J.: 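Let me give you the structure first, and then I'll get to my questions.
Bear in mind that the values here come from a model prediction, so they are computed numbers and not experimental data. Lettering of chains follows the sequences in order, A, B, ..., and the numbering in each one begins at 1.
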Number of protein chains: 2
Amino acid sequence: MDHTIPEIVIGRLPLYLRELSRMAGESGKIKTSSHELAQRLGISPAQIRKDLSHFGEFGKQGTGYHISYLIERLTDILHLNDEWPVALVGAGFLGQALASYRGFQRRGFAITCVFDSDPAKVGVKAGGLVVQDAATMATRLREAGIRIAILAVPADAAQATADALVAAGVGAILSYAPVSLTVPPGVSVSYSDPVVQLQQMTYHLSIENE
Amino acid sequence: MDHTIPEIVIGRLPLYLRELSRMAGESGKIKTSSHELAQRLGISPAQIRKDLSHFGEFGKQGTGYHISYLIERLTDILHLNDEWPVALVGAGFLGQALASYRGFQRRGFAITCVFDSDPAKVGVKAGGLVVQDAATMATRLREAGIRIAILAVPADAAQATADALVAAGVGAILSYAPVSLTVPPGVSVSYSDPVVQLQQMTYHLSIENE
DNA sequence: TAGATTGTTAATCGATTAACAATC
DNA sequence: TAGATTGTTAATCGATTAACAATC
């Protein structure tokens, strides 16, 4: 029921949760099936059942899954019962956009502090928070017990910032910097680089079709 | 030398390209090896050699790879020789940040038009461009021959916008909307949802350790 | 030459899918 | 009951890695 679940399976659970939450918002919708969920996500029903089977039995033969119950279980599995405080490092255009994003709260996260090393940015507002000096970061993170950080700093500053975050007790980093980071075992890193994603898609765009 | 390369391989090529470009910027650095590149990316050397072998032979036994030559070849393979014009749909906080991002140009892309359906946003500036009415989108995209779009609209508008983009000839969509999109075969979609990434990482954050 | 590193093959490892008994 | 759908097993499929001959 646990024994090192494949990471690729863990990666799909948030997608299941997201789609189930969407279903829960559709009036009169109480139950679903692996088939329906799979169809909406563009994957196979067998994969959904297999993925869930790593964690227990959440459905009923003949009737499928109770949406709100499955949401509860996924929320448990992913440790989303309480809101996670998140530190945002970097208050440039992207940092500002992330600080202003209304979508975190509803899904288990809240940016509670923003840092930048640029004196021109320290003291300005970002999504209702005052940008703090990155030099005070370690202290603040320790005080607040923050375990998750979003990295929105320039590529050249990313590794040093990641090192500082890890040293301050952060165990999960979502990085928007276009560089590969090195972190100690036990620390999770997830990347978002729009150009990498676009470049993968251009492979499929022949120069002259359409 | 071609025969449907696995998508997971295609997805790593932009990472190789990114790291190689980084190496190229390090003074005196001319050559590299699968071992060095792998180390910097945190993957195995064998995987890099295997991935590249799908496309040809780009290295030399005993000496490795010439960095600038490998960059050229990857640039060819990914169709990044010419700059791709990109449409951005949605001029909210995130859209503004993307429109202002300086990192596209250098890596093969340029946002050349921005659309929004909100009359309050039409006419304002986004990264040096004037936001245009989304109602005119299809015409503009056809005129400009745009094949790539970035979706930064609310979840509820995402599918309809994607449909409109595809109808206008777009073949690659990078979506920041937190929903799964349905597109016809031959159209590529790539997703970016920070919450999904954070939720995957919280699985590994036990509630009470550290 | 000796050392290094490629490209490739075969072996291993892991993930997905098909199928079906169980059962609601 | 008949129909539907689960959870699970076994089979298939695909990706990664180890190993090494070739060769710079």
J.: Is the shortest side-chain N/O distance from B:Y65 to OP1 or OP2 of C:dA4 below 4.0 Å?
T.: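 Result: no.
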
J.: Could you tell me which residues satisfy salt bridge (charged side-chain N to carboxylate O under 4.0 Å, His left out) with A:D51, sequence neighbours excluded, listed by chain and number?
T.: A:R12

J.: Would you please name every residue forming a side chain to side chain contact (heavy atoms under 4.5 Å, CB included) with B:H35, sequence neighbours left out?
T.: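 Side chain to side chain contact (heavy atoms under 4.5 Å, CB included) list for B:H35, sorted by chain: B:S33, B:Q39, B:P45.
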
J.: Reading DNA chain C 5' to 3', what string of ( ), [ ], | and . shows its pairs, if Watson-Crick and G-U wobble pairs count only when both distances fall under 3.5 Å?
T.: ..||||||||||||||||||||||

J.: For nucleotides 14-24 of chain C, give me one character per nucleotide, 5' to 3': B if any protein heavy atom sits under 4.0 Å from the base, S if the only such contacts are to the sugar-phosphate, - if neither.
T.: -SSBBB--BBB

J.: Who are the salt bridge (charged side-chain N to carboxylate O under 4.0 Å, His left out) partners of A:K31, not counting sequence neighbours?
T.: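 Listed in chain order: nothing, the list is empty.
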
J.: Using a strict heavy-atom distance below 4.0 Å, which residues from residues 22-38 of chain A are in contact with DNA chain D?
T.: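 Within this stretch, A:S33, A:S34 sit under 4.0 Å of the strand.
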
J.: Do any side-chain atoms of residues 107-114 of chain A form donor-acceptor pairs under 3.5 angstrom with protein atoms, and if so which ones, sequence neighbours left out?
T.:
| residue | atom | partner | partner atom | Å |
| --- | --- | --- | --- | --- |
| A:R107 | NH1 | B:D193 | OD1 | 3.3 |
| A:R107 | NH1 | B:D193 | OD2 | 3.2 |
| A:R107 | NH2 | B:D193 | OD2 | 2.9 |

J.: For B:A155, check side chain to side chain contact (heavy atoms under 4.5 Å, CB included) against everything at least two apart and list the hits.
T.: A:R22, B:P178, B:V179

J.: Output the rounded distance in Å from CD1 (B:I67) to C1' (C:dT5).
T.: 15 Å

J.: Could you tell me which residues satisfy side chain to side chain contact (heavy atoms under 4.5 Å, CB included) with B:K121, sequence neighbours excluded, listed by chain and number?
T.: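 If we apply the side chain to side chain contact (heavy atoms under 4.5 Å, CB included) test to B:K121, skipping adjacent residues, the hits are B:A91, B:D116, B:D118.
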
J.: With B:K60, which residues qualify under salt bridge (charged side-chain N to carboxylate O under 4.0 Å, His left out), at least two apart?
T.: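 Partners of B:K60 by the salt bridge (charged side-chain N to carboxylate O under 4.0 Å, His left out) criterion come out as none, since no residue qualifies.
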
J.: By side chain to side chain contact (heavy atoms under 4.5 Å, CB included), which residues pair with B:T182, not counting sequence neighbours?
T.: B:Q159

J.: By salt bridge (charged side-chain N to carboxylate O under 4.0 Å, His left out), which residues pair with A:E26, not counting sequence neighbours?
T.: A:R40

